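Let me begin by presenting the structure, written as structure tokens, before commenting on it.
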Amino acid sequence: QVQLVESGGGSVQAGGSLRLSCAASEYNYCMGWFRQAPGKEREGVAGIFGGAGTTYYADSVKGRFTISRDIAKNILYLEMNSLSPEDTAWYYCTAGGRGTGPFCRGGIWGQGTQVTVSS
């Protein structure tokens, strides 16, 4: 039922930063970010849970990316720093309830936003 719309992607040089946003039509217990590079599986990046905002990160992005959300505005964010070409992918947000796993894979996706990191 929830509708999700990602934005903020673009092209950036290695070492640069981007902030992605995901606008949701309603509150969900958790929200998360996934990414998919050409020819590869879609992988979890980060998740955020409940009113307390408990977070979980993939090892590959820990210390570089920060997930947050504004519950009042139903907006999810992903701050990405120290970007490398390995981060090049389409980024998707998702939302769900309890029991969806560490990245909140609830089976609901936005349309995605493209991130390209050049060296």
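One is the number of the first residue; the rest follow in order along the sequence. The structure displayed is predicted, hence computed values, not measured ones.
Annotation: side chain of Y57 is in contact with side chain of I67 (closest heavy-atom distance under 4.5 Å). Looking only at side-chain heavy atoms (C-beta outward), Y91 and L78 come within less than 4.5 Å of each other. For the pair Y77/L20, no side-chain contact is recorded, criterion being any heavy-atom separation below 4.5 Å from C-beta on.
Summarising the geometry of C30 relative to F49, their closest heavy-atom pair is CB-CD2, 3.4 Å, with the distance given to 0.1 Å. Closest heavy-atom contact between G32 and C104: N-CB, 4.1 Å. Of all non-hydrogen atoms in E6 and G112, the two that sit nearest each other are OE1-N, 2.8 Å. Here the shortest heavy-atom pairing between E26 and N28 reads O-ND2, 3.3 Å. Contact between G51 and Y27 at its shortest, heavy atoms only, is N-OH, 4.1 Å. For I108 against L4, the heavy-atom pair with the smallest separation is O-CD1, 3.8 Å.
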With side chain to side chain contact (heavy atoms under 4.5 Å, CB included) as the test, would you mind laying out the steps for V115 and T88 before giving the verdict? CA-CA 5 Å; V115 172; T88 294; 5.8 Å; no

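The hydrophobic clustering, which links ILVMFWY residues whose side-chain heavy atoms are closer than 4.5 Å, places F34 and F65 apart. Cluster annotation: M31 is connected to V2 through the hydrophobic network of ILVMFWY side chains, with a link wherever side-chain heavy atoms come within less than 4.5 Å. Cluster annotation: V12 and V61 are assigned to the same hydrophobic cluster (Ile/Leu/Val/Met/Phe/Trp/Tyr, side-chain heavy-atom contacts under 4.5 Å, transitive). A continuous path of ILVMFWY side-chain contacts below 4.5 Å connects M80 to L76, so both sit in one hydrophobic cluster.
One distance of note links CG of N81 with OG of S17; it measures 3.5 Å at 0.5 Å rounding. Atom SG of residue C22 and atom CD1 of residue I75 lie 9.5 Å apart, to the nearest 0.5 angstrom.
A search for ring-ring contact (aromatic ring centres under 6.0 Å, His included) contacts involving Y56 returns F103, not counting sequence neighbours.
A 6.0 Å sphere centred on CD of E43 holds more than 12 heavy atoms belonging to other residues, nucleotides or ligands.
Cation-pi geometry between R35 and Y92 is not satisfied (NZ or CZ under 6.0 Å from the ring centre, within 45° of the ring normal). Relative to the ring axis of Y29, R98 places its NZ or CZ within 45° and under 6.0 Å from the centre.
A donor-acceptor pair under 3.5 Å links the side-chain atoms of R64 to the main chain of S82, judged by distance alone.
Identified under the side chain to side chain donor-acceptor pair (under 3.5 Å) test for residues 99-119, with sequence neighbours left out: none.
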